[in-house]
Participant: 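Pasting in a structure now, in structure tokens, and then I'll have a few things to ask.
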Amino acid sequence: MNQPELYDVCVIGSGSGAGPVIYELSKAGYKVVVLEKGPWYRTEDFAKDELAVSRRDIYSPNLRDERHVIEKPLENGKWKIRSTFDSGISFWNGNCVGGSSNFMSAYFERLKPSDFKLLSTYGEIEGANIADWPISYDDLEPYYTKVESIVGISGKAVPHKFAEPRSTPDFPFPPLNENIFAQWIDTAAENLKWDIIPLPRGIISRQKNERNSCYYSNYCGSYGCSSNAKSSSRVALIHDALRTGNCTVIPNAKVYHLETNGNKKVTRAWYYDAQDKKQSIRAKLFVVAAQAVETSRLLLMSKNKEFPNGLANNSGQVGKNLLFSGGGLGNGYFYYDELPKEDAEKLSAPGLFVNRSLTEFYELEDPDTGKRIKGGTAHFLFEHAVGIGKAIRQKWKGDRLLYGTPLQNRLKQYFTNTRKVRFEIFVDWLPNDNCHVTLDPKVKDKWGDPVARVKTGYHPHDIKVGKLLAEKCEKVFKTIGAKHISSNISGNPPANLQAGGCRFGNNPKTSVLDKNCKAHEVENLYVTDGSFMPTGGSITYTWTIYANSFRVADKIKEHLG
Amino acid sequence: MKRRRFIQHIAAAAVYSQLPLLAKCSVPNKNNVATYIENLPEHSPLSTLQAKNCVIVQQILFPDNEDTPGSIALNSFPFFISVLNDTWRDENENDYLIKGLDKLNDFAKDQYGLDFFQQKIDNQQEILANYIEDKGENWASAMLSIIFESLFANPIYGCNPDEIGWKWLNYTPGQPQPSEQNKYPELIKKRKSENKIITSLEQILQE
């Protein structure tokens, strides 16, 4: 097929930051081309195949070909620098059409109004680059609502002290079915007099057009959905965009350079095609949504005379103030032979969700100063159902390797008599000077381009708040009788919760993007993944990324006229 | 072409899966070893010596007994061969596994003057225990992880025949499970597909 010589919009990436722009602009009649570095996996390609998905990481690039270099802080103040190929720990989150939204667990929460003004609400913290957002919760609220219905979110709105203002009374999709464990958590909440609320999910609970409702496969996180219930950008938005006849998707197109015309305009996106040949696309306007680390990398790689430090980076801000999600996790155990038979049967039922979020401590009292500080949230859930992963965790008893009959007995006991329950804590990852993306000076990808070097320094305040939350979660588990409760709060960056790097703001000297997510320095360049966020809140980011991308799509429509 | 080799070995694994359960004992059995070695794939990444040692190591790490499917019932050895031939995996990881077998054999010869597989059964268990204690713990852990893969992976990969591993642990796998169309090698192939320009949903849905 002949391609247009000039598209209206070229979108780089196809995940949750890209999908709303692709959908809205295609529907509005603009000719949109999408360059996605990964292949197109169809729904039929997805299976709950632990070997392929979890053990061989098949949805991500092979680390031999494409890797990251990660700098992690050590306790002695030095930094450990290692490529992900050497560590074996990938920093990719799924490269294919729809991006990592295909593989998310889809725990969806809105930011609270105070998250948009963290600096003015709670004040400065030494060593952190906290900034208020240039928009308010009210600016984003209509788009949060839009995501609920168009992308698809199930849940139940309940009053609680940090409840976000809503323009609609409830979610368009009712909550998913729950395991008895959710009731136990509710009882604990009642006893403790804490707000623990139903946790919305980006998973639909009844049919929506050709998307079927959730079938409770027990395998959400890391796995593609086989009923299209999970609200990935691919099935929720890109399928409809293609139906308009205005959208073109080029899979296996790895963009490596954005060319400008010497007059602050991007004119062409250069990419490697499936055969590793260099190709280019021309468009009137460009949108980058390659996920935070890779978005910064692309801008930094797009150097020329006009932008000697990288595209939109004459301010030197590209790649700075990268965010992850602070916090950690905790565990508890129930043993079926210690429970009434009926409870044991209900607890062991596979597939049903827990979907509870502790919101009571979104704001906390600092035990050291007595001041009110920003807290966080915690989700209650089950251990992932994967068998190999569970077994691997059983082979060590302390620091001793088990094998033979003792190991087999332990596996039998674990798989037939135990249900491991978990909590995951989300606190702000405070932006700081030691968390950023640069281009590695030595390590290249398979095309010979520099890989992203990610420095993952965290602020000690994140650990302090995380530990306060962990104490609360452990108390919930104690209340319901879980055994062997433990928690681990650390500064390890979860690679699947990335944001920042191209923060938006009103001052071009301290931000990359303006409040509409257009680059200050470039007339026709927008960034719509999580890169725009100056602070991340204490929740997962996907709903906010979807909502902001819908918001920016409206601004782009105004821009294009 | 390396991928072809991978498929050959998957096919070989399927042949092994037709074999009857070879052991109902909790200690290594040299007859089982012999049967395995006779069926080694033509392009085996392991030498005969390495293969013999490997089968015994797997059987000590995860023995078969009356009500527990061990490495023989799970087809862990042919599965291990397919893993070593998998070009998607980091070859350094495979080298590490193979070198571990060699180091174990050196350890056995140093202690008792014979190759590991030639030792008496009690000695094999003692030698492996000592090797794990001495310097082989991480290697044995990696070997166990591959056995766990053969315990939980879909039988389509030539292991876990008749879902014997799942049944043993009352394990409910997620659905759908992989098919011939979307199993692991097919997904690898798809990652390196030809150039495509998608302009309609039908183009994708009718593939």
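In what follows, chains carry the letters A, B, and so on, assigned in the order in which the sequence lines appear, proteins first and then strands, with residues in each chain numbered from 1. All of these numbers come straight from a predicted model, not from anything done at the bench.
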Participant: Looking at A/R42 and B/L205, what are the two nearest heavy atoms and their distance?
Facilitator: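 That closest heavy-atom pairing would be NH1-O, 4.2 Å.
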Participant: Using a strict cut-off of less than 4.0 Å between a Lys/Arg side-chain nitrogen and an Asp/Glu carboxylate oxygen, indicate whether A/D45 and B/K190 qualify as a salt bridge.
Facilitator: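 Judged by the 4.0 Å cut-off on N to carboxylate O distance, A/D45 and B/K190 do form a salt bridge.
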Participant: Do the non-hydrogen side-chain atoms of A/E50 and B/P173 ever get within less than 4.5 Å of each other?
Facilitator: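 A/E50 does not reach B/P173 side chain to side chain.
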Participant: Give, for atom CD1 of A/I250 and atom OG1 of B/T199, the distance between the pair rounded to the nearest 0.5 Å.
Facilitator: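 One finds 10.5 Å between CD1 of A/I250 and OG1 of B/T199.
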Participant: Checking heavy atoms, do the side chain of A/D399, its backbone, both or neither come under 4.5 Å from chain B?
Facilitator: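 The backbone, not the side chain.
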Participant: Under 3.5 Å, is there a donor-acceptor pair between the side chain of A/R56 and the main chain of B/Y184?
Facilitator: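 Not a single qualifying donor-acceptor pair exists.
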Participant: Relative to chain B, which segment of A/S227 carries a heavy atom at a distance below 4.5 Å: side chain, backbone, both, or neither?
Facilitator: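 Interface part for A/S227: neither.
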Participant: Looking only at heavy atoms, what is the nearest atom pair of A/S226 and B/P176, with distance?
Facilitator: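 The answer is OG-CD, 3.2 Å.
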Participant: Do we see a donor-acceptor contact under 3.5 Å between the side chains of B/N195 and A/D273?
Facilitator: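 Yes, because at least one side-chain N or O of B/N195 sits under 3.5 Å from a partner of the opposite role on A/D273.
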Participant: Please flag which part of A/N246 lies under 4.5 Å from any non-hydrogen atom of chain B: side chain, backbone, both or neither.
Facilitator: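 Looking at A/N246, nothing touches chain B.
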Participant: Quick check on the interface: out of B/S145, B/G165, B/A153, B/S179, who has the most heavy-atom pairs with chain A under 4.5 Å?
Facilitator: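 Top option by heavy-atom pairs under 4.5 Å: B/S145.
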Participant: Can you confirm whether more than 12 heavy atoms, excluding those of B/K196, are under 6.0 Å from its NZ atom?
Facilitator: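 Yes, enclosed.
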Participant: Do you know which of B/E149, B/E194, B/R191 has the most heavy-atom pairs with chain A at a distance under 4.5 angstrom?
Facilitator: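 So the answer, after comparing B/E149, B/E194, B/R191, is B/R191.
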Participant: Which region of B/W166, side chain (C-beta onward) or backbone (N, CA, C, O), has a non-hydrogen atom less than 4.5 Å from a non-hydrogen atom of chain A, or is it both or neither?
Facilitator: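 When you check distances to chain A, no heavy atom of B/W166 falls under 4.5 Å.
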Participant: When rounded to the nearest 0.5 angstrom, what is the spacing between CD1 in A/I388 and CG in B/L151?
Facilitator: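 If I round to the nearest 0.5 Å, the distance is 8.0 Å.
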Participant: What closest approach, in Å, do B/Q177 and A/A47 show between heavy atoms, and which atom pair accounts for it?
Facilitator: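 Closest approach of B/Q177 to A/A47, heavy atoms only: C-CB, 3.8 Å.
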Participant: Any donor-acceptor pair under 3.5 Å linking the side chain of B/Y157 with the backbone of A/L51?
Facilitator: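 Side chain of B/Y157 to backbone of A/L51: no pair is present.
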Participant: Does B/I197 reach the side chain of A/T248, with side-chain heavy atoms less than 4.5 Å apart?
Facilitator: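 Side chain of B/I197 against side chain of A/T248, heavy atoms only: contact under 4.5 Å found.
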Participant: Between A/Y403 and B/L144, what is the shortest heavy-atom contact and its length?
Facilitator: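 For A/Y403 versus B/L144, the nearest heavy atoms are CB-CD1, 4.1 Å.
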Participant: Output the option from A/P61, A/G38, A/A253, A/G88 having the highest count of non-hydrogen pairs under 4.5 Å with chain B.
Facilitator: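 Most heavy-atom pairs under 4.5 Å with chain B: A/P61.
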Participant: Using the salt bridge (Lys or Arg N to Asp or Glu O under 4.0 Å) criterion, which residues pair with A/K346? Sequence neighbours excluded.
Facilitator: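 Scan of A/K346 (salt bridge (Lys or Arg N to Asp or Glu O under 4.0 Å), adjacent residues dropped) gives A/E342.
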Participant: If you look at every heavy atom in A/A391 and B/F152, which pair is closest and at what distance?
Facilitator: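 Heavy atoms only, the tightest pair is CB-CE1, 3.7 Å.
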Participant: Within this structure, what is the CD1-CH2 distance for the pair B/I198 and A/W40, rounded to the nearest 0.5 Å?
Facilitator: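 The distance works out to 6.5 Å.
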Participant: For B/K167, does the NZ atom sit with more than 12 other heavy atoms under 6.0 Å from it, leaving out its own atoms?
Facilitator: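 Yes, NZ of B/K167 has more than 12 neighbouring heavy atoms, counting only those of other groups under 6.0 Å.
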Participant: Taking B/F62, B/W88, B/W168 one by one, which has the highest count of heavy-atom pairs under 4.5 Å against chain A?
Facilitator: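 With the most close heavy-atom pairs to chain A, the winner is B/W88.
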Participant: Is the number of heavy atoms from other residues, nucleotides or ligands under 6.0 Å of B/K103 NZ greater than 12?
Facilitator: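 Atom NZ in B/K103 is not packed in, count stays at 12 or less.
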Participant: Say whether, by atom type as modelled, one donor and one acceptor occur between the side chain of B/K183 and the main chain of A/A52 under 3.5 angstrom.
Facilitator: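 Answer holds: no.
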Participant: Dump the intermediate steps for side chain to side chain contact (heavy atoms under 4.5 Å, CB included) on A/I58 and B/I188, then the final yes or no.
Facilitator: CA-CA 7 Å; A/I58 192 64; B/I188 293 177; 3.4 Å; yes
Participant: Using non-hydrogen atoms and a 4.5 Å limit, figure out which bit of B/T68 sits close to chain A: side chain, backbone, both or neither.
Facilitator: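 It is the side chain, since no backbone atom gets that close.
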Participant: Against chain B, label A/L411 side chain, backbone, both or neither, depending on which of its atoms sit under 4.5 Å from a heavy atom there.
Facilitator: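 Contact with chain B: backbone and side chain both.
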Participant: For a 4.5 angstrom cut-off between non-hydrogen side-chain atoms, does A/L401 reach B/S141?
Facilitator: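 Yes, side chains in contact.
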Participant: Sort B/E137 into side chain, backbone, both or neither according to what part of it lies under 4.5 angstrom from a heavy atom of chain A.
Facilitator: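 For B/E137, the contact with chain A is made by backbone and side chain together.
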Participant: State whether B/E133 and A/R400 are salt-bridged, where the test is any N-O pair (Lys NZ or Arg NE/NH1/NH2 against Asp/Glu carboxylate O) under 4.0 Å.
Facilitator: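 No salt bridge links B/E133 with A/R400.
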Participant: Using a cut-off of 6.0 Å, state whether more than 12 heavy atoms not belonging to A/K397 lie near its atom NZ.
Facilitator: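 Result for NZ/A/K397: open.
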Participant: First locate atom CD of A/Q408, then atom CG of B/D67, and finally report the distance between them rounded to the nearest 0.5 Å.
Facilitator: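 Result: 9.5 Å between the selected atoms.
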Participant: Quick one: does A/F46's side chain get under 4.5 Å of B/N182's, heavy atoms only?
Facilitator: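 Not in contact.
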Participant: For A/V97, is it the side chain, the backbone, both, or neither that has a heavy atom closer than 4.5 Å to a heavy atom of chain B?
Facilitator: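 Answer is neither: A/V97 stays 4.5 Å or more from chain B.
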Participant: Indicate the atoms forming the closest heavy-atom contact of A/K395 with B/F148, along with that distance.
Facilitator: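 Looking at all heavy atoms of both residues, the closest pair is CD-CE1, 4.0 Å.
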Participant: Measuring heavy-atom distances to chain B, does A/N252 have an atom under 4.5 Å in its side chain, in its backbone, in both, or in neither?
Facilitator: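 For A/N252, side-chain heavy atoms alone lie under 4.5 Å from chain B.
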Participant: For B/Q50, check side-chain hydrogen bond (donor to acceptor under 3.5 Å, both in side chains) against everything at least two apart and list the hits.
Facilitator: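 Residues passing side-chain hydrogen bond (donor to acceptor under 3.5 Å, both in side chains) with B/Q50: B/S47, B/D102.
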Participant: What option among B/I147, B/T172, B/N92, B/I132 has the most heavy-atom pairs under 4.5 Å with chain A?
Facilitator: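 Top option by heavy-atom pairs under 4.5 Å: B/I132.
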Participant: Say you draw a straight line from CD1 of B/I204 to CD1 of A/I238; how long is it, rounded to the nearest 0.5 Å?
Facilitator: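 Answer rounded to 0.5 Å: 10.5 Å.
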Participant: Using a 4.5 angstrom heavy-atom cutoff, name the option from A/H239, A/K48, A/E44, A/R243 with the most pairs to chain B.
Facilitator: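 Result: the option with the highest number of such pairs is A/K48.
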Participant: So how far is it from B/L169 CG to A/Y414 OH, rounded to the nearest 0.5 Å?
Facilitator: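 One gets 12.0 Å once the value is rounded to the nearest 0.5 Å.
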